[in-house]
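Read the structure below first, then the notes.
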Amino acid sequence: MLLPTARSLRLSGPGRCAPLPWVPALHRVDEAIGAFCRARILGIPAPLLFVGIVLLSNLGLNLATGVAAAADDREQLTYAGAWALGYSGVQPPLHTWIVRLVALVAGEQLAAVYIARFAVLFGVFAATWTAARILRLSREASAAAMLGLFLLPQIGWEAQRTFSHSLTAMLGCLCVFAVLARLLRAPSAGDGAAQAPASPGLHVALGLAAAAALLGKYNSGLFLLAAAIALATQPALARRLSPRGLLLSLATAALVLAAPALWLMDHAERLGDSAGKFAFGAAGSFLGDRAAGLLDLAGQTALYVAPLVAVAILAGGRRALRRNAEAPGDAACRLAARSILVGLGLAALAVAASGATQVKIYWLHPVLILSPLAVAASLGPRDGSAAPRAIVAAGLIVGPLTTAIFAARLFGFGH
């Protein structure tokens, strides 16, 4: 429930308790949220349909607003005029290919850029829902994982305004995780059950997803390496994966990436174009550079996840997280959290080794996009828990709030 029972009571006479007058209304809201998470409309899960309606509404408002397009949007439209293995110096091609495909139908106009953005963004939400269901999370926890994306400011708002390559990379990373979760659903080696071999198709899908993540944005390699280390450090999970299958995944990814990799090598001189963003050595001393970079990494991480974590903790999630951390649980459900921690650790090592003093928040997308899924998986499998329902409730508020902001822009309020 949204509020613990103890808080729903007050003294009414000697030794008696009576419900506060507003508690029945809260109970009804709480029950309605649970029913919403479990409902299906026209065969579609209600939370997924809600996300689709919000994003479709926001797409329509963006198309109707007619505000000046951002520089990245104009650039996407320019490069989408031709097929290439890379764009804009050393930018990977996948998102621009998606824009080009949409432009073949919608015409070479900014509408194609907006449609591509919101289509990929819906894919990010849908992939999160799919991964949660593959992990066998409850429908409430699955809804919390998906709607929790609205509580990440970089996804709930910024992604709807300006993102391109980062969105496609995030979708690729989530698809990698979803396929991994499917491969790990087999019984563990110690439970006495026979393990059925995974189909080659799943391993091919894993390779394709990994290639898509890298072709979305090259910093997806951070997530891929983090997930590999997270798996390798959990023997119970690693035993569920077939070495032959993983070789097939690697071969598939290599085949897809071969031509773009050759293109990138031909443009290697452009790889240093963005080096200034790292502000190497800006603090003026060895220790000062490392301290500045690590503090910036910690601050950017906190900014990324603060609203999501705050809602979970305020709704009692801290106790649930501690309780489930101590329970045996399902190691596959903990893979997202471990991948995030390993990814942040790798980023910290890179900052310390290089002397970078600035960390851009969008560099953290490949690992932190998993944070709502990790939180939902860590809160426990039972329906009716306060924290997942609170996350869902917050998402149900923030999602339409973005629509209200876009509508205000349409009518001339704000920019």
Side-chain angles (χ1 to χ4, degrees), residues 33 36 41-42 44-81 95-96 98-129 143 146-171 216 303-304 306-308 311 361-362 365 369 372 391-415:
I33 290 172
F36 165 78
I41 300 173
L42 300 176
I44 303 171
L48 190 60
L49 184 61
F50 169 81
V51 169
I53 291 172
V54 168
L55 295 183
L56 188 60
S57 300
N58 290 351
L59 169 61
L61 290 168
N62 271 262
L63 294 175
T65 299
V67 297
D72 285 349
D73 292 342
R74 295 194 299 271
E75 182 182 74
Q76 283 297 310
L77 188 60
T78 299
Y79 289 120
H95 191 82
T96 308
I98 295 172
V99 174
R100 179 159 173 75
L101 287 172
V102 175
L104 294 176
V105 177
E108 293 187 6
Q109 52 187 333
L110 284 171
V113 177
Y114 295 147
I115 292 169
R117 173 184 297 144
F118 279 90
V120 176
L121 182 57
F122 178 75
V124 167
F125 281 85
T128 301
W129 170 268
M146 181 174 61
L147 294 178
L149 289 168
F150 279 124
L151 304 186
L152 304 180
Q154 286 290 302
I155 310 304
W157 176 244
E158 290 299 321
Q160 299 190 58
R161 295 195 317 114
T162 62
F163 286 177
S164 54
H165 301 287
S166 293
L167 267 180
T168 310
M170 287 186 282
L171 177 55
L303 286 174
Y304 204 112
L308 170 68
V311 170
I361 196 166
Y362 56 84
H365 288 323
I369 190 62
I391 293 171
V392 171
L396 290 173
I397 294 170
V398 175
L401 181 60
T402 65
T403 303
I405 295 172
F406 281 125
R409 290 201 327 175
L410 177 61
F411 294 104
F413 300 99
H415 300 283

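Bear in mind that the values here come from a model prediction, so they are computed numbers and not experimental data.
- A distance of 4.5 Å separates CG of Leu63 from CG of Leu59, quoted to the nearest 0.5 Å.
- Taking all atoms of both residues into account, the shortest heavy-atom contact from Ala112 to Gly107 is CB-O, 3.7 Å.
- Of all heavy-atom pairs between Ala106 and Ile115, the closest is CB-CD1, 4.3 Å.
- Put simply, CZ on Arg74 and OG1 on Thr78 are 8.5 Å apart, with the number rounded to the nearest 0.5 Å.
- Within the 4.5 Å cutoff, side-chain heavy atoms of Pro400 are placed close to those of Phe50.
- Between Leu308 and Pro372 there is a side-chain heavy-atom pair separated by less than 4.5 Å.
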> Can you list the steps and then say if Leu61 with Arg409 is a side-chain contact (heavy atoms from CB on, under 4.5 Å)?
Replying inline: CA-CA 9 Å; Leu61 290 168; Arg409 290 201 327 175; over 6 Å; no
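- Of the inter-residue distances, the one linking Leu410 atom CG with Ile405 atom CD1 reads 14.0 Å to the nearest 0.5 angstrom.
- Pairing each heavy atom of Ser57 with each of Thr403, the nearest pair is CB-CG2, 4.2 Å.
- Residues Trp157 and Phe163 place their aromatic rings such that the two centres sit no closer than 6.0 Å.
- To the nearest 0.5 Å, atom CG of residue Asn62 and atom CZ of residue Arg161 are 10.0 Å apart.
- Under the 4.5 Å side-chain criterion, counting only non-hydrogen atoms from C-beta, Tyr304 is in contact with Ile361.
- Counting heavy atoms from C-beta outward, Leu149 and Ile369 have side chains that approach closer than 4.5 Å.
- For the atom pair CG (Leu171) and OG1 (Thr128), the distance works out to 9.0 Å, reported to the nearest 0.5 Å.
- Atoms CD1 and OG1, on Ile397 and Thr402 in that order, are 13.0 Å from each other to the nearest 0.5 Å.
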>> Test side-chain contact (heavy atoms from CB on, under 4.5 Å) on Met170 and Val120; report intermediate values, then the result.
In response: CA-CA 9 Å; Met170 287 186 282; Val120 176; over 6 Å; no
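- Screening His95, Gln76, His365 for a side-chain hydrogen bond (donor to acceptor under 3.5 Å, both in side chains) with His165, the sole residue that qualifies is Gln76.
- Within the 4.5 Å cutoff, no side-chain heavy atoms of Asp72 are placed close to those of Thr162.
- The minimum heavy-atom distance between Val51 and Phe122, with the atom names listed, is CG1-CD1, 4.1 Å.
- Contact detail for Ala393 and Ile33: the closest heavy-atom pair is CB-CD1, 3.6 Å.
- At least one side-chain heavy atom of Asp73 sits under 4.5 Å from a side-chain heavy atom of Arg117.
- In this structure, Leu77 and Glu108 approach most closely via the heavy-atom pair CD1-C, 3.7 Å.
- Residues Leu147 and Val398 are not in side-chain contact: their nearest non-hydrogen atoms beyond the backbone lie 4.5 Å or more apart.
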